[in-house]
Q: 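Just passing along the structure, written as structure tokens.
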Amino acid sequence: MTSMGKTRRMVSVGLCAGALAAALMTPAQAASPDSAQLTAGKGTVWSLKNTGTDVQFRGLAAVSRTTAWVAGSKGTVLRTADGGHSWRNVSPPGAEGLEFRDVEAFDARRAVVLAIGEGEASRIFATSDGGTTWTESFRNPDPRAFYDCITFFDSRNGLAMSDPVDGRFRILSTRDGGRSWRVLPSEGMPAAQQGEAGFAASGQCLVSSGPKDVWLATGGGATARVLHSADRGVNWTAAEAGIPAGDPARGVFALAFRGRGQGLAVGGDYRTGQPSPNASAISRDGGRSWRPSTAPPPAYRSGVAWLPHTPAAALAVGPTGTDLTVDGGRSWRTVDAGSFDSVDCAQDIGCWASGAKGRVARLEP
């Protein structure tokens, strides 16, 4: 493609993203969580895709508008390459007893999935042939560790995080695309608070942006915190997130960063019926400081993603709905009532959401 062709395509994608954000701001219509198409705004819908299963998909990776991966309970991994019209079951053999909570995909062929749990229940699998074959690249040997999330800086370098062991969050590192892992030294990690942990709710408790920056979300302790490393997980600093904690069910559940500076945090109390005031916060300095949103989502949210090619638009999802911000997280508006656990957007504005009872949807202009 010529440089002029690339420029025209990027302008077209940017205009489409802006129109999509504007459409989402219109009042929700017919937002029934059981309908085939969930209206997120005039001219825009979450279009449910039939996955043929009823498992819960908390792991989600949006590669493009046509390609996405989901990972969930009963060791299930699915992949679509046609925009969700059909799904291929690419679950690792023998994984039926595992609970997959995160998937990171580089394209239609290469992906890494994380199973959570204490001790050997925490495992990592990698594939380079679209899920036809998998390699178990890590099985947690420490009964005190419980891995929650993974993230990648590029197709080779990535990290995984565990709840605290010996008073500090534990970090795994890979330099070969997830085919092998090693535990990083803990000296650069701040001490954990009593009861502090990560939440394996959407695969977004550990996120990266750029070649070296990574952020880790916590809850359960006296305060919810966001930890930041600028050197791929060797040294970390911690900041209070401004989202209420002080209970094992409360804290920051998901993060999203645009570049090194612009950050979003969402969470609350995941228990059904419990209030979640101040369920979102924003950072403009790379996570060094956070302030609560002036108009946060009305309830607990477990996933968040920036809408590509827009200056300040993002989506947050949870069991009671989808919210949109167009001012960088300062204020949120509910645009859909359907239940989702995770949301992810590809650079071509392929935005996907996943959740309970096999629910997967793509945002449709």
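Fair warning: this is a prediction, and the values are worked out from it, not measured in the lab.
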Q: Nearest 0.5 Å please: distance from the OG atom of S128 over to the CZ atom of R179.
A: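 CZ of R179 is found 7.5 Å from OG of S128.
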
Q: Taking the side chain from S202 and the backbone from S342, do they hold a donor-acceptor pair closer than 3.5 Å?
A: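 Between the backbone of S342 and the side chain of S202 there is no qualifying donor-acceptor contact (under 3.5 Å).
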
Q: Within this structure, what is the CZ-CD1 distance for the pair R123 and I116, rounded to the nearest 0.5 Å?
A: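 Output value for this atom pair is 13.0 Å.
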
Q: If you look at every heavy atom in S137 and S180, which pair is closest and at what distance?
A: CB-N, 4.3 Å

Q: Please assess T67 against R109 for the test side chain to side chain donor-acceptor pair (under 3.5 Å), listing each intermediate value before the final yes or no.
A: CA-CA 10 Å; T67 301; R109 297 184 61 80; over 6 Å; no

Q: If Ile, Leu, Val, Met, Phe, Trp and Tyr residues are connected whenever their side-chain heavy atoms lie under 4.5 Å apart, and connections chain through other members, are L216 and V252 in the same group?
A: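 No; tracing contacts between hydrophobic side chains, which count when under 4.5 Å, never links both residues.
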
Q: List the steps and the verdict of side-chain contact (heavy atoms from CB on, under 4.5 Å) for N157 and R232.
A: CA-CA 9 Å; N157 297 282; R232 291 185 179 171; 3.3 Å; yes

Q: I'd like to know if the side chain of T80 reaches the main chain of S86, judged simply by a donor and an acceptor atom lying under 3.5 Å from each other, with no hydrogens or angles considered.
A: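 Looks like yes, one N/O pair under 3.5 Å.
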
Q: Quick one, F57 with V55, criterion side-chain contact (heavy atoms from CB on, under 4.5 Å). Give me CA distance, side-chain angles, the key distance, then yes/no.
A: CA-CA 6 Å; F57 291 119; V55 305; 3.3 Å; yes

Q: Return the CE to CG distance between M189 and D166, rounded to the nearest 0.5 Å.
A: 13.0 Å

Q: Please check if the side chain of S209 supplies one atom and the backbone of G259 the other of a donor-acceptor pair under 3.5 Å.
A: yes

Q: Check for me, please, whether L172 and F152 land in the same ILVMFWY cluster - side-chain distances under 4.5 Å, paths through other members count.
A: yes

Q: Is there a donor-acceptor pair under 3.5 Å between the side chain of Q193 and the backbone N or O of T223?
A: yes

Q: Distance only, no hydrogens: is a donor on one side chain within 3.5 Å (strictly under) of an acceptor on the other, for R301 and T320?
A: yes

Q: Is any side-chain heavy atom of T325 less than 4.5 Å from a side-chain heavy atom of I282?
A: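 No; the side chains remain at least 4.5 Å from each other.
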
Q: Would you compute the distance between atom CG of L227 and atom CG of N235 and round it to the nearest 0.5 angstrom?
A: 12.0 Å

Q: For residues W332 and L315, report the shortest heavy-atom separation together with the two atoms involved.
A: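 Scanning both residues completely, I find the closest heavy atoms to be CZ3-C, 3.9 Å.
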
Q: Would you kindly say whether R101 and S122 are connected by a side-chain donor-acceptor distance under 3.5 Å?
A: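 No, no side-chain donor-acceptor contact under 3.5 Å.
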
Q: Going by heavy atoms in the side chains, are Y300 and Q274 under 4.5 Å from each other?
A: no

Q: May I ask you to check whether S64 and T66 show a side-chain donor-acceptor distance below 3.5 Å?
A: yes

Q: Which pair of heavy atoms, one from W236 and one from P190, lies closest together, and at what distance?
A: CB-CD, 3.5 Å

Q: To the nearest 0.5 Å, how far apart are OG in S155 and CD in E104?
A: 12.5 Å

Q: Contact between L307 and I349 at the side-chain level, heavy atoms closer than 4.5 Å - yes or no?
A: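 With C-beta onward as the side chain, the pair touches.
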
Q: In the hydrophobic clustering (ILVMFWY, side-chain contacts below 4.5 Å, transitive), which residues join F100, or is it alone?
A: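 Grouped by the 4.5 Å side-chain rule, V63, W69, V77, V90, L98, V103, V113, F125, W134 form the rest of the cluster around F100.
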
Q: Give a yes or no on whether W46 and L324 share a hydrophobic cluster (residues Ile, Leu, Val, Met, Phe, Trp, Tyr; joining criterion: side-chain heavy atoms under 4.5 Å apart).
A: yes

Q: How would you list, by chain and number, every residue that makes a side-chain contact (heavy atoms from CB on, under 4.5 Å) with D341, sequence neighbours excluded?
A: Q56, R58, S302

Q: Taking R271 first and then D269, would you say they form a salt bridge - that is, a charged N and a carboxylate O separated by under 4.0 Å?
A: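 Yes, R271 and D269 are salt-bridged.
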
Q: What are the two closest heavy atoms between C345 and P308, and how far apart are they?
A: CB-CD, 3.6 Å

Q: List the steps and the verdict of side-chain contact (heavy atoms from CB on, under 4.5 Å) for D176 and R156.
A: CA-CA 5 Å; D176 56 12; R156 295 187 61 81; 4.0 Å; yes

Q: Looking only at side-chain N and O atoms, does S283 offer a donor or acceptor that is under 3.5 Å from a partner on D285?
A: yes

Q: With side-chain contact (heavy atoms from CB on, under 4.5 Å) as the criterion, how do Q262 and R284 come out once you've worked through the C-alpha distance, each side chain's angles and the decisive distance to 0.1 Å?
A: CA-CA 5 Å; Q262 198 174 7; R284 295 294 178 266; 3.6 Å; yes

Q: Between D102 and C205, is any pair of side-chain heavy atoms under 4.5 Å apart?
A: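 With C-beta onward as the side chain, the pair stays apart.
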
Q: Please find the pair of heavy atoms, one from A160 and one from I124, that lie closest to each other, and give the distance.
A: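 Looking at all heavy atoms of both residues, the shortest contact is CB-CD1, 4.2 Å.
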
Q: Okay, side chain of S173, backbone of L184: is any donor-acceptor separation there less than 3.5 Å?
A: no

Q: Tell me, do N140 and F146 make a side-chain contact under 4.5 Å, heavy atoms counted?
A: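 No, too far: nothing below the 4.5 Å cut-off.
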
Q: Please say yes or no: joined through hydrophobic side-chain contacts below 4.5 Å, possibly via intermediate residues, are V266 and L264 part of one cluster?
A: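 The answer is yes; both residues are in one hydrophobic cluster.
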
Q: Any chance CD of E240 has more than 12 other-residue heavy atoms, nucleotides or ligands included, within less than 6.0 Å?
A: no

Q: Could you pull out the closest heavy-atom pair between N278 and P244, with the gap in Å?
A: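 Heavy-atom minimum between the residues: O-CD, 3.5 Å.
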
Q: Any side-chain heavy atom of V343 sitting closer than 4.5 Å to one from T322?
A: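 Result no, sub-4.5 Å side-chain heavy-atom pair not found.
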
Q: Enumerate the ring pair (Phe, Tyr, Trp, His ring centres under 6.0 Å) contacts for residues 174-205, please, sequence neighbours excluded, ordered by first and then second residue.
A: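 Checked against ring pair (Phe, Tyr, Trp, His ring centres under 6.0 Å) - neighbours excluded - the pairs reaching residues 174-205 are F199-F253.
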
Q: Heavy-atom distance under 4.5 Å between the side chains of F169 and T218, does that happen here?
A: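 They are in side-chain contact.
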
Q: Considering only heavy atoms from C-beta outward, does the side chain of V214 approach that of L206 to under 4.5 Å?
A: yes

Q: Between S162 (side chain) and R170 (backbone), is there a donor-acceptor pair under 3.5 Å?
A: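 No, because the side chain of S162 does not come within donor-acceptor range (under 3.5 Å) of the backbone of R170.
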
Q: Taking NZ, NE, NH1 and NH2 as the nitrogens, is one of them in R65 or E364 under 4.0 Å from a carboxylate oxygen of the other?
A: yes

Q: Enter the distance from R362:CZ to K49:NZ here, rounded to the nearest 0.5 Å.
A: 4.5 Å

Q: Verify the neighbour count for atom CZ of R144: are there more than 12 heavy atoms of other residues, nucleotides or ligands below 6.0 Å?
A: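 Above 12, so yes.
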
Q: Is there a chain of hydrophobic side chains (I, L, V, M, F, W, Y, each step under 4.5 Å between heavy atoms) that links F153 to V112?
A: no

